[in-house]
Each structure stands twice: as structure tokens, then as C-alpha cells.
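Here the structure comes first, spelled out in C-alpha cells, and everything after it is commentary.
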Amino acid sequence: MSAASVARPWERFLPPVPPPAFADPWDHAAGPALSVLAPARRIDVPTWASSRKVSTAAGLVTWRNDFAPYMVEPSKMATSRRYRAVGFCGPARTVKSESLILNTIGQRIECNPRDMLVVCSTQDTAKQFSERKLAPMIRENRQLAAAQLVGRGADNIHEKRFAGNMNLQIRWPVIGYFSQNEYFDVLLTDLDRMTDDIGGEGSAFILALKRIQHAGSQGKVIAESSPGYVVTVDDWKASTVHEAPPCDGGILPIFNAGTRGSFYWTCPQCSDPFRPLFERLHYERKSTPGESARTVEMVCPNGCCIGPDRKAELNRTGFWLHETADGQSAVPIDDPDVRDTDIVSYWMEGPAAALQTWQELVRVAEQSRRTFDETGSDKDLKTTVFQDQGRPYLPQVRTVGDALSAETLKALAEPYPMKVAPAATRFITYQVDVQPNRFVVQADAWGPGLERWLIDRFDIHDAPSGAPGAAERSIDPPRYYEDWSALSALLDKAYPVAGSGFALLPRAIVVDLHGAKGTTDHAYHWWRHHRKQGNAGRCYIQRGRGGPERERAVYKVPEKVQGTKKRRKSDLMVIETGTDPLKDEVIMSLTRKEAGPGKYHLPEALPAAVFEEFCAEVRTDEGWRERKSGLRNESLDLAVYGKSLAIVLKAERIDWKRPPMWAAPLEKNTYAVRIGAIPVVDSDVPEPTPAPVAIVAPAQRTAPRRRVRRSSWMG
């Protein structure tokens, strides 16, 4: 007998306690603890999305597939067992990430929970995706919020867990996230903003395919992006009806490897199908981009004009067609003749995008074109082609290609005299390249809109008087600092302006600080001397920096490295010139046929060698390279220095109706002098001899007595 029964003997007389009722195993199998045993809901992504709640300015609304109907078919492919990958190329504002990435995540959480990896372009964008897109979708949809587990590690920024043993990772392109772990779904968002070689092991798309290989036909890789790579073949022509231009990486090679689907509209007038490409938008070029945009309309291949008000209707009745095996015709995705591949791919351009209008497309394109014409920079043009138009970009400079030759430039040269500034000139600059036995000098005249004329080119060979041994030797800039006074003398030489009776002193001079040993130290010394003389706003030194992604020109204080650990600020100010982007601009300005903003004019009287120097390099994907070793390229370099100097002088920002005094019309220009009142560069063109007048002297600064702000040095 137990001790407990002895202590409580009355318990023997109590009625027996019935055993607990048997649990119903079905209740537990159907509950959340074993929801993994529940069969998957066999609905596709667009069907699931039709019940999704989305937050808008008007509150929570239900997702509408007819808002961006072109996304319905690509989204359906997220549950297809026929294709292991979906690729979608389209412009920004297409709703592609919402449809293909977020809706797929939601459908998997509720209908078919399984391990999933989402890869964003950077760690920061992964964080933003998790906090600003994924988290709100989960909060706004009760069924998703109810499926999210609670507890430690279930709701982190980069990792979330859901019922059914679903682990959702939100990561970025690091090789560790593509190694070892296996997933049923890998979703790549904004693919073209990722590096195309992760850890030296290949692209994100190729690595993603490996991560789903164990899942067989259930695995899926989805990649979406707007284009971000330039065309690699200048004279490329499509060999099939939908083929995309060749690019070094990104989404378009995936498109070409897939079924090559393209979106079609049916013309409401002639009833023929056609693709709504950007090139089919027609408009009149008016005085402003906004006025041009108001004239836009779509023109079908048969010449029918379609107004912007028909866009939504055309999208609702639009359809996708994919290439056949021979690539010469297009069929629906379920046609037996569709291209045989395990990637279903789609590409559409900006005119069909739900969240951008034709007017906005044209306005941005026209503004970017004008910026290119005025500055030679195609940065804005490239951005709008990628992001708004949804097309790969062919750099404008490469349209010149190998056709750029001395003969081409000679044919474009004009019969204006050298050593005379054209009547439209507002300011003049000198650019100097330093060689072991000479200074190479180029003078440019600049007009409104930075239209530019090369007006002089010469070498300084003779050592200046007063330099050591000047009578017995030629100039030697790397060895003798005294020889640099030959450059200082240029500041006081003016060029006559055609037909005006005025001459212009140079606004500024820029000197390259690279060269033979000793050149850099002497360039620093020369600049410091002129800073003390109050000429820091007229005298500049520059160094070139290669690489297509360099900033065009930055005026900055360089850092000097002392040993390997310490850095200290220099007292110098140096222009750091992005040589590759500025060479692009110079070549485009040289080959522009029409006069106007940004055009670079060359005179017929230039020596043949100067024309050759402009063509000494060729554009590659990595930047500008010598055509062959040993060719002189001073003309091209000097033209780049001139554009860099103009940028630092903020000449690109000038309002030519209210210009600064140094760029004003000659009567008010602070660098204009009457001919006869100051030495003028010799010219073959006679100028009228005016009556003596007082000199209109350029503004001068005295040497500062105390430390001043950098901005006061720049003039």
C-alpha cells in the first residue's frame, strides 16, 4: 500500500475518474500544426492575386488583374510545370515586381508553402523590399498574416517563416546565398542592377537554376528587370521576329534563350496586330519637350494613328505571341510549334506600361536628347532608354564607330580663319599638354550653348627669355620650372573677335600635370604661384582618370598619401577629369553636322596631323584605347581638357539671357578689350582700326592675405 493511500484512506470510497476522451486525429491533421499535410490549392498566381488587398491612397482595395493585363500570362507561368524559369524584361512602372515577385510569394504562402529565396540587387534594396513591400503585403492580407509563425527567428528583415515549414529568405548577390542551400523557388528582382559574376562563379540566373535542380519540374526561377546593359554589336540586325540585341549580361540574354514572347495590340482601325514599340510613337518637335509631348500618337505599321486615350483599351485586348522553332513567325504560348526551351520569356517596351503615359515618355526622351545635344553627355539619354523605354542602349559615340577618320573630320571642317574668334564667341580657353621638349597649346572659342570653335593650335619650343641657358637650348618643362613662364604669358594674349573691333583675353587656362619626371612638381609650383598672384580663377591644373563610369569633371582638393597609413589634405586644387565619358562627348560634338549647342567646329586650315590626332583612339566597352601604339592623340586630349574646364567654370549652367560678365556680349564682357589697346594674337584677317579707347580690363584679384574659402578661388 502506498504512503499516499495511507495518508488519504477515504479516496478508496470515491467513484473512479473516467479516462479522457480519445482525440480526433483529423482535428489535429487539419490544424495549423500539421498544415503541411494539407494538399496544395491548385490555383495560379493571377487567380490568387484577384483576392489580394493592396494599400492605396484611397485605402485598401482589391488587386485588379486588368490594371496591367499584360502581366497575367507571365504570372501564370509561375505555377507551370512545363518551364523551369520565367524571364520578364520591361521598363519601370510596369508592375512587374508586384505581379511576378510579390504575388508569387503570396500565392506560395497560402497555397503551396515551400522554401523560397528572393534576391535583390544590393543589401540595402533587400532591406527596403522586406520592409516596404513584403511586410505591408503580409499585414494587409489576413490569410498571410495568420500563416506567419511567431517566435524567435520567425519574422526578421531578411528571413521569415510561415506555416507549412516555409522558410522565406530575402538576400542579395553574395555567393554564400547561392551555395549549399536548396530552394523550390528563387526569385530575382531587378536583375540588371546585380553584378553579372557572383564570386567568380557565374550570373545570379545560372546559380539560381542550380539551387532548384533538386525540385525537378516543381522548381521555379523567376527573373524580372528593366534593361541595364548596352548593346555589344554596333551593326546588329535581328535574325528572328522577336530577337533582342546581344548584351553582355542581364535579362535580355535570358529573353533570347527563352520563348521570346512579345506583347501585341490590335489596331482599332485596320484590326491588324502590331507591337507597341517606342519607335512607333510619333510626335512633332516643338520649342519645348512638353509641347512636343502633347502631339504624341501611336502609328501602326499600316499608318493608322492611335491617340493616347486608347492605351488602356488596347492593353485589355492585348495578347502575347512567342516565336516558333524557326523564329520566323509568332504563336500563343500553348501552341505546339512554340520555341522548344525550358525558359518562358517576355519583353515589352514602355508605351504599354500601365503607370507611365506616352506624353511622359516623349517629354523625358526629348529632354534627354536636348541635354545630349547641348552637353554631349548621354547619361540621361541612357537612363530613359533603359528605365522608361525598356530597351538596351547603344552608346551614341559607337554609332560613329570606325567611320571616324581624319578624312571624315576634314570633310566636316569649315572655312573660317584660325587665330580669329567667331562673332558668336563669349569666352576663350587655353588647354595645354606638357611634353619633354614642348608645350602643346590649343585655344578654343566658346559661344552660347557651349558651341565651340578650335581657333588656334601651336607648340611652344623656345625657352622664354630669362630662363637659364635660354639662348642655347629648347624649352624643357620637366627640367626647368622657369620655362613655365611661357604659359603665364598666354594669359595676356587676346584673340580678335570677327567683325567686332574687340578682342578677348582667355577666361582660363588648364594644364595637364602628367608627363615626364618633374612635370607634376612644376605644375603644382606653377599653380601655387598663380594662386598667390590672385589668378586661381584663371589658372587650373588637371589630371585624367580613366573609366566609363567616372564623373566628368570634379574640382577638388587631392589627398596625399604619406607612407601606407596616413593621409593629409593638400593645399592644391586639381580638376579630376573623367577622360572616357568626356571623349565620348567630344567625338559626338565633332561629328554633329549642324551648327548649334554643343557642336565642336574645326577649321579647314588645321594641319593634317591635328585631324589624325583626333582619331588616334577607338571606343571599346572598357573605354577609349589607342588604335595602335605610338599614335599622337594631343588634339583629343586637349579637347577633353577644354570641356572639363568648361564644366568646372559652370559654363553648362549659364542662362545665356543673363550670363556672368565673363560670358556676356562683348560690350559688357570683362575679358573684352578694344583692338589696338592690347597685344593681339597675329591673324591673317585684317580688323578695322578704331579710335583709341580706354581698356576694359578683366576683373583681377589681389593675393589673399589670410586663408579664404575654396569658393573664392574659383572665379
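Keep in mind that this is a model prediction, so the values were computed, not measured.
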message: Under a 4.0 Å threshold between the charged nitrogen and the carboxylate oxygen, would Arg552 count as salt-bridged to Glu652?
response: yes

message: Any salt bridge linking Glu313 with Arg316? Criterion: basic side-chain nitrogen under 4.0 Å from a carboxylate oxygen.
response: no

message: Using the ring centroid of each side chain, check whether Tyr346 and Trp320 are separated by less than 6.0 Å.
response: yes

task: Would you name the heavy atoms of Thr384 and Ser368 that are closest together and state the gap between them?
output: CG2-OG, 3.8 Å

Heavy-atom closest pair, residues Glu131 and Pro136: O-CD, 3.3 Å

field: Carboxylate-amine/guanidinium contact Lys133 Glu98, below 4.0 Å
entry: no

message: Do the side chains of Asp584 and Arg619 get close enough for a salt bridge, i.e. N-O under 4.0 angstrom?
response: yes

query: Going by the angle between their ring planes, with limits at 30° and 60°, are Tyr264 and His242 parallel, tilted or perpendicular?
result: tilted

Residue list, side-chain hydrogen bond (donor to acceptor under 3.5 Å, both in side chains) with Arg114, at least two apart or on another chain: Asp185

message: Side chains of Gln107 and Asn112: any donor to acceptor distance under 3.5 Å?
response: no

- prompt: Got a salt bridge between Glu576 and Arg545, using NZ or NE/NH1/NH2 to carboxylate O under 4.0 Å?
  reply: yes

- prompt: Cationic tip of Arg171 within the cone over Tyr177's six-membered ring, i.e. under 6.0 Å and within 45° of the normal?
  reply: yes

message: So which atom in Ala154 and which in Gln148 form the shortest heavy-atom distance, rounded to 0.1 Å?
response: O-NE2, 3.6 Å

message: Is the distance from the ring center of Phe255 to that of His322 below 6.0 Å?
response: no

message: Salt bridge check, Arg193 against Asp190: does any charged N sit closer than 4.0 Å to a carboxylate O?
response: yes

